[in-house]
Amino acid sequence: MKVTSAEFIKSAFKEAHWPQGTQPEIAFMGRSNVGKSSLINSLLRVRGLARTSSLPGRTQSLNFFLINNRFRFVDLPGFGYVRVPKSIKSEWGEMVTSYLAKRTQLVLSIQLVDSRHEPTKLDLQLHEWLEHSGKPRLIVATKSDKLSNNELKRSIECVKRVFGEDSVVAYSAETGRARDEVWRTIEDALTASRV
Ligand code: GTP
Ligand code: MG
């Protein structure tokens with residue numbers, strides 16, 4: 001995919017603020033600090049369009065980006081950030097699950113897990129949720145540059161086993177590893193949504 005334009009559209013804390021129109025959307029989700037915003041910037045080959053931080057909980061609302069004037073990326077808030085009060089925590093879950101359940105133009109859900117750790121209970125819950133939704137999804141293991149080849153191989157096998165999936169993509173926002181592969185999946189989802 002040749003990215004000719006990428007712009008921030010808006011940040012939405014509630015459904016009424018989701019952007020209108022029927023452009024297809026690709027959503028990025030996973031626990032806080034896993035690398036969602038970094039993956040978006042890396043795919044677009046820009047710095048700082050999606051705000052990243054070494055402090056978990058950076059992205060607290062749904063952030064919409066318009067790509068090539070044709071489709072959108074949605075950076076969803078991360079879950080599992082312990083230092084957030086309970087009330088906000090449930091609001092986050094609510095924001096994400098209602099987006100996933102209601103958004104008709106969602107064509108692909110990209111679930112991120114940290115390649116350095118075994119999937120957590122919350123990762124599994126999200127995975128089950130997505131599986132039940134029956135919509136196209138892709139699992140990406142982030143920060144693969146932090147592991148040796150052997151460690152990475154073991155980690156990918158582990159994620160596959162725990163999730164019961166055949167395919168898990170090892171990504172690195174540092175090196176751009178698997179960038180083309182993720183774009184291919186996005187393009188396929190966009191094409192499939194048009195028929
Ligand atoms: P929240 O918005 O808090 O939910 O986090 P996020 O999932 O958007 O994570 P973010 O992209 O902000 O990345 C968190 C930290 O991990 C940052 O310090 C990034 O630089 C780092 N990081 C993300 N992806 C990679 C990667 O592939 N390799 C390495 N080495 N670091 C990464
Ligand atoms: Mg973020």
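Keep in mind that the numbers below use all heavy atoms, side chains included, and drop hydrogens, waters and symmetry copies. First listed ligand is number 1; within each ligand, the first listed atom is number 1.
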Worksheet item: Does anything in residues 4-23 pair up under salt bridge (Lys or Arg N to Asp or Glu O under 4.0 Å), and if so which pairs, sequence neighbours excluded?
Response: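 Only E15-K102 qualify under salt bridge (Lys or Arg N to Asp or Glu O under 4.0 Å).
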Practice prompt. Kindly say whether the aromatic ring centers of W129 and Y99 come within a distance under 6.0 Å.
Written response: no
Can you give each donor-acceptor pair under 3.5 Å made by side-chain atoms of residues 175-182, sequence neighbours left out, with the distance rounded to 0.1 Å?
from	atom 1	to	atom 2	distance (Å)
T175	OG1	S172	OG	3.3
T175	OG1	R177	N	3.1
R179	NE	S42	O	2.8
R179	NH2	S42	O	3.3

Item to complete: Measure D145 to ligand 1 on non-hydrogen atoms and call it side chain, backbone, both or neither using the 4.0 Å cut-off.
Response: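 Looking at D145 and ligand 1, just side chain atoms fall under 4.0 Å.
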Worksheet item: Got T142 and S38 here, is their nearest side-chain heavy-atom distance under 4.5 Å?
Response: no
Item to complete: Find out whether S5 and I67 are in side-chain contact, i.e. whether some heavy atom of one side chain is under 4.5 Å from a heavy atom of the other.
Response: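 S5 does not reach I67 side chain to side chain.
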Discussion item. With rounding to the nearest 0.5 angstrom, report the OG1 to CD1 distance, T191 to I186.
Written reply: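 The CD1 atom of I186 is 11.5 Å from OG1 of T191, to the nearest 0.5 Å.
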N/O of [X] under 3.5 Å from N/O of ligand 1, yes or no?
X: K36; value: yes
X: P77; value: no
X: S144; value: no

Distance filter under 4.0 Å to [X] heavy atoms, resulting ligand 1 atoms:
X: S172; answer: 27 (O)
X: G78; answer: 4 (O)
X: S38; answer: 10 (P), 11 (O), 13 (O), 19 (C), 23 (C), 24 (N)
X: G35; answer: 6 (P), 7 (O), 9 (O), 10 (P), 11 (O), 13 (O), 23 (C)

Discussion item. Using a distance threshold of 2.8 Å, state whether an N, O or S atom of N63 lies below it from the Mg ion (ligand 2).
Written reply: no
Practice prompt. Nearest heavy atom to atom 22 (N) of ligand 1 wins, so pick from K146, K143, R177, R116.
Written response: K143
Discussion item. Under a 4.0 Å threshold between the charged nitrogen and the carboxylate oxygen, would R72 count as salt-bridged to E25?
Written reply: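 Salt bridge flag = yes for R72 with E25.
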